[in-house]
Peer 1: 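Attaching a single structure in structure tokens format; questions to follow.
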Amino acid sequence: MLEKNYNPQDFEEKIYQDWEQSGDFKPDMRQSGEAFSIVIPPPNVTGILHMGHALDETLQDILVRYNRMQGKKVLWQPGTDHAGIATQMVVERNLAKEGISRHDLGREKFIETVWKWKAQSGGTICKQLRRLGASCDWSRERFTMDEGLSRAVRKIFVSLYKDGLIFKAKKLVNWDPKLGTAVSDLEVIQQETVGKMYYYKYPIEGKTGEYIHIATTRPETMFGDTAVAVSKENEKLKHLIGKNCILPIVNRVIPIIADDHADPEKGTGAVKITPAHDFNDFEVGKRHNLPMINILNEDATLNENTPFAGMSTQEARQKTIEKLTELGLMEKIEDHPMVIPYGDRSGVVIEPLMTDQWFVDAPKLAVEAIRVVENGEMQFVPKSYEKTYFEWMRNIQPWCISRQLWWGHQMPIWYGSDGEIFCEETEEEAYAAAEKHYGKKVELTRETDVLDTWFSSGLWAFSTLGWPDDNEYLKTFYPTSVLVTGFDIIFFWVARMMMMSMYAMKQVPFKKCYIHGLVRDEQGRKMSKSKGNTVDPMETIEKYGADALRFFMAAMETQGRDINLSESRVAGYRNFATKLWNAARFCEMNGCKLPEGFSPDSVKLEVNKWIVAKADAATVEVTRHLNDFRFSDAANAIYQFVWGTFCDWYIELTKPIFYGENAEDIAETKATAAWVLDRILVVLHPFMPFITTELWNNLAERKVKLIHAPWPQVKAMRPAAPAIDWAIDLISTIRSLRSEMNLPASAKLHVYLKNMSSDSAAYLQDMQTLVCSLARLENVELFADGQEITKDMVQNVFKEGVLLLPLKGVVDFAAERERLNKELENLNRNLENYARKLSNQSFVERAPANVVAEEKRRQAEAMENKTKVEEALARIVGL
RNA sequence: GGGUGUGUAGCUCAGUUGGUCAGAGCGCUGCGUUCACAUCGCAGAGGUCACAAGUUCGAGCCUUGUCAUACCCACCA
């Protein structure tokens, strides 16, 4: 017996445990069928589930469950990411509470501490994914720092290095002074601010009294200036080219050079060149062979190459201005809108800094990654995202992969005492290589830098499947079927996976990439902790159940759009679950069981034929939409069928049968209802796995678990059952009339139908009892020819004829007149439209014949209806 | 500066190739509890599909422009 109330908290967790313990998420490797696989976008170990995950994982789980039911060999590969910077920050913060810094511990101890932390609190998000119902094969859970994955990282690194695709270079990189590491371009957020533009002047060497005027937003960097650039085209200033000027305060002589980087229209036309601290100036410096003077320490304080060593850039800026003012060189300061780079993790200002770093030759790797998208081997869904992808890939810069952190994959690089580099997968191999190189045993020191987290994530699609070891999983499930992720990590992850996979596997990592939007708050604002508008999915699940949240995500997911989280809507889908629950209870109470060997093709009652056909139609629709990744269409199709068709009509239509006495009809209807309900549970299962499973288990003894139940294959559409649609139309018309005319619910009405076709007459005969019961009529019958229409009869157009409703003084005739007039107006408007169209010569000539015919048919129909309404109006005019 | 979206009912949004597309949910209004369900039922109101021009026999749907709005990339010394 089902509980009276739908209470998801009673069974959701229990059901999940059963799935996991029974191994229901594992692919059946013995089976020969087609494979379907997804690798989860690995959440950070430090992560807790947010609504973005809830969306992402729900979509994946729907696909996974759907394909599993399609009988495929299905693997959803789970795991987490070591998230270098994020995790190191979390652990450092914890240590800070005890007043310890990571330097107190030392590298080795610190890493131990991180592993300990991971063991204790790293699994939160995986527990939460289970609560959401994610059917990942947890027995295969991976971590980017696992031994296996680390081996993959080392192997790829060495291979890339030996292929010349990884190189070391002293370059200007984005330096995060708080974290003390380089970061990639993607990890830098450009933020608009109103800063200042400082105007001052440098004296020209030799001649007194002549100056070159400079504008800059960062005066403190002047100590790193090694030139001033002027454009050759600059008529006013070009005479200064070739002369020298004197850098004030430090009184260093620097040349005035010709370079087109200096735009005569901007600023003063003369640009100070600081090659070691500005990306553009770096290029200028290279062109002119300028010295590069580094003026910053790793914590972004000024160094001993400046007079303000130890000061922050802000302090130094003030000091510089003061000094320049004292020297009478300061001219003006203006407000200036500008963008300032910030570290996405640390939130501090990023400084371009000259350091030794390691780079991946992304432009080379991008070639293949672009090609396979161009030729469709990997398809973005929606397609429009490939533009974004191409745009970025075609302009890609070398990827800085070294990080001066402790937590991460330490690079497999060893140095000889003379700086010779040995890149090998293991220390032993490195030493062997060194011995070969030097001709004797030598000591090596290992590179301390670790790799960017995204380096290992880039291998995720094959490293999690056991690469580099050749194995059955890799063979079966690579390339994976589809990657589901948000547009915000196309560059971070999708692009890198494409590059790495094409390099290592010569095959795409996934055949399709489904990109979804962001989950925003109810007003469409981005959710953020600082705004305080985040919603914890766990709380939503607690309140409405995981099924409701999942269905919400599916129903709202339309391609290429963000989702606004709406609690009332989640509540609505909880109500949907309640509705289904109660419908199942109705079936249970009426003893609906599926008899052995029941075939929906054998049903005789019109109503049963009808629901079977509708169930098939809904199934076809859901299937088609899921195949096309149209989640909202799929969800709405099943929603509409369950609520609008099964509950609103079928159950109501079966009541007269169940409360009647025809044993044969009752038996057939019980069987059919049970069959349809089972169909609902199967088709709804990918969306709402918990309630469907709970009902599946409770309603009958089952030979197969719902999670493995076969997805229905609808071969041919069953014939429709027109009598039921006809009856529904009639019932709705009568209900509408009752409501519009304010007829009391208790009033038992007698309805006549006039001028009915023979089909309609036949339908009426079949449906008479049903219609009476659902429309609360005393009777409904054909209006005999020659019978007189009395004055108290309300008339309403129905199908090809007229519906007559005698009202012995229960009705307000003024209101009725108004209603008829309104209808007449409508008809007139439509008729005008039809007339206009049909009198249009070119329409009649050029539109397809069936369209024209349809238009004519509608016109004729409207004409008839108009006559009927006018007659009815004339009839009641005196009442 | 370059690029990509979005603008449809009070709100949040569907609307796949131009011709049953003017829709859903919530909200609102009226009526209704004899037992599947008030986490409900029945009925209803409400929209010049941002604006303008164009293509077409026919335009939320295609083209161009305008306005509004969101985001991405690059850069502004």
Side-chain angles (χ1 to χ4, degrees), chain A residues 2 4-6 185 190 197-198 214-218 221 228-229 261-263 266-274 278-281 284 336-339 382 384-385 387-388 391-392 395 487-488 490-491 517-518 520 522-524 526 544 548 552 555-556 558-569 571-590 624-625 628 630 632-633 636 639-640 644 647-648 651-652 655 731-732 735-740 742-746 774-776 837 840-848 850-852 854-855 858:
Chain A
L2 292 172
K4 184 166 188 320
N5 293 314
Y6 164 63
D185 296 348
Q190 305 287 347
M197 179 73 89
Y198 302 88
I214 304 287
T216 180
T217 54
R218 303 199 56 186
T221 61
V228 171
H261 169 59
D263 181 344
K266 283 185 184 165
T268 61
V271 190
K272 64 194 271 307
I273 301 299
T274 322
D278 182 283
F279 289 101
N280 285 313
D281 293 3
V284 177
H336 181 70
M338 56 191 289
V339 282
S384 57
Y385 281 106
K387 242 183 175 169
T388 315
E391 185 63 23
W392 192 73
N395 295 300
F487 68 82
D488 49 332
I490 292 178
F491 305 144
L518 252 46
R520 298 168 173 277
E522 193 135 22
Q523 283 78 43
K526 211 165 163 171
Y544 299 105
F552 168 83
M556 298 304 289
T558 52
Q559 294 183 0
R561 226 175 146 126
D562 289 345
I563 289 179
N564 292 358
L565 184 70
S566 151
E567 182 167 350
S568 68
R569 201 137 181 168
Y573 292 120
R574 187 269 324 267
N575 295 355
F576 172 63
T578 306
K579 188 76 180 174
L580 174 64
W581 186 266
N582 284 307
R585 283 180 60 229
F586 173 84
C587 293
E588 187 184 47
M589 284 171 186
N590 286 287
R624 180 165 54 91
H625 290 314
D628 293 345
R630 300 188 69 92
S632 77
D633 288 332
N636 287 332
Y639 179 98
Q640 180 51 40
C647 292
D648 285 351
I651 287 184
E652 295 310 316
K655 282 177 182 172
I731 293 162
S732 298
R735 280 174 178 172
S736 205
L737 270 175
R738 290 188 84 120
S739 175
E740 275 170 37
N742 274 324
L743 302 185
S746 53
L774 267 69
R776 293 191 174 191
K837 256 190 173 175
N840 182 341
Q841 197 78 18
S842 46
F843 172 74
V844 180
E845 278 167 16
R846 306 175 71 156
N850 62 324
V851 174
V852 178
E854 175 65 11
E855 206 66 16
R858 283 189 226 171

Peer 1: Does B:A14 have its OP1 or OP2 closer than 4.0 Å to a side-chain nitrogen or oxygen of A:T558?
Peer 2: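 For B:A14, OP1/OP2 do have a side-chain N/O of A:T558 under 4.0 Å.
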Peer 1: To the side chain of A:N280, which of B:U16, B:C75, B:U39 is closest?
Peer 2: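 Ranking B:U16, B:C75, B:U39 by closest atom to the A:N280 side chain puts B:C75 first.
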Peer 1: Reading nucleotides 67-73 of chain B 5' to 3', which nucleotides get B (base under 4.0 Å from a protein heavy atom), which S (sugar-phosphate only), which -?
Peer 2: -----SS
Peer 1: Sequence neighbours excluded, which residues qualify as salt bridge (Lys or Arg N to Asp or Glu O under 4.0 Å) partners of A:K526?
Peer 2: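 Here no residue qualifies.
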Peer 1: Between B:A43, B:C76, B:U12, which one does the side chain of A:N564 approach most closely?
Peer 2: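 In terms of side-chain proximity for A:N564, the closest of B:A43, B:C76, B:U12 is B:U12.
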Peer 1: Rounded to whole angstroms, how far apart are CG on A:D278 and P on B:A74?
Peer 2: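 Checked: the CG to P distance equals 15 Å.
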Peer 1: Considering only B:U16, B:G5, B:U12, which nucleotide approaches the side chain of A:S384 most closely?
Peer 2: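 Closest nucleotide to the A:S384 side chain: B:G5.
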Peer 1: Quick check for you: to the nearest 0.5 Å, what is the distance between A:H625 atom NE2 and A:S632 atom OG?
Peer 2: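 Going from NE2 on A:H625 over to OG on A:S632, the span is 8.0 Å.
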Peer 1: Should A:K266 be listed as having a side-chain N or O under 4.0 Å from OP1 or OP2 of B:C76?
Peer 2: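 So the side chain of A:K266 is outside the cut-off, no N or O lying under 4.0 Å from OP1 or OP2 of B:C76.
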Peer 1: May I ask you to check whether over 12 heavy atoms, not counting those of A:R776, lie within 6.0 Å of atom CZ?
Peer 2: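 Result for CZ/A:R776: open.
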Peer 1: Any base atoms under 4.0 Å from A:S566, or only sugar-phosphate, or nothing? Heavy atoms, all strands.
Peer 2: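 Here A:S566 touches no strand at all.
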Peer 1: What pair of heavy atoms forms the shortest contact from A:D281 to A:K272, and how long is it?
Peer 2: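 Minimum heavy-atom separation between A:D281 and A:K272: OD2-O, 3.3 Å.
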Peer 1: Which protein N or O atoms sit under 3.5 Å from an N or O of nucleotides 7-9 of chain B?
Peer 2:
none

Peer 1: Across nucleotides 25-37 of chain B, 5' to 3', mark each nucleotide with B, S or - according to how protein heavy atoms within less than 4.0 Å reach it.
Peer 2: BS---------BB
Peer 1: With sugar-phosphate meaning primed atoms plus P, OP1 and OP2, does A:A262 contact a base, only sugar-phosphate, or nothing at under 4.0 Å between heavy atoms?
Peer 2: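 Base, at least one base heavy atom under 4.0 Å.
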Peer 1: Rounded to the Å, how far apart are A:L774 CG and B:C42 C1'?
Peer 2: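 Rounded to the whole Å, the gap is 11 Å.
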Peer 1: Just jot down the side chain to side chain contact (heavy atoms under 4.5 Å, CB included) partners of A:N395, sequence neighbours excluded, or say none.
Peer 2: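 Per chain and number, A:N395 pairs via side chain to side chain contact (heavy atoms under 4.5 Å, CB included) with A:E391.
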Peer 1: What dot-bracket string describes RNA chain B from 5' to 3', counting Watson-Crick and G-U wobble pairs whose defining distances are under 3.5 Å, with [ ] for crossing pairs and | for pairs to another strand?
Peer 2: (((((((..((((.....[...)))).(((((.......))))).....(((((..]....))))))))))))....
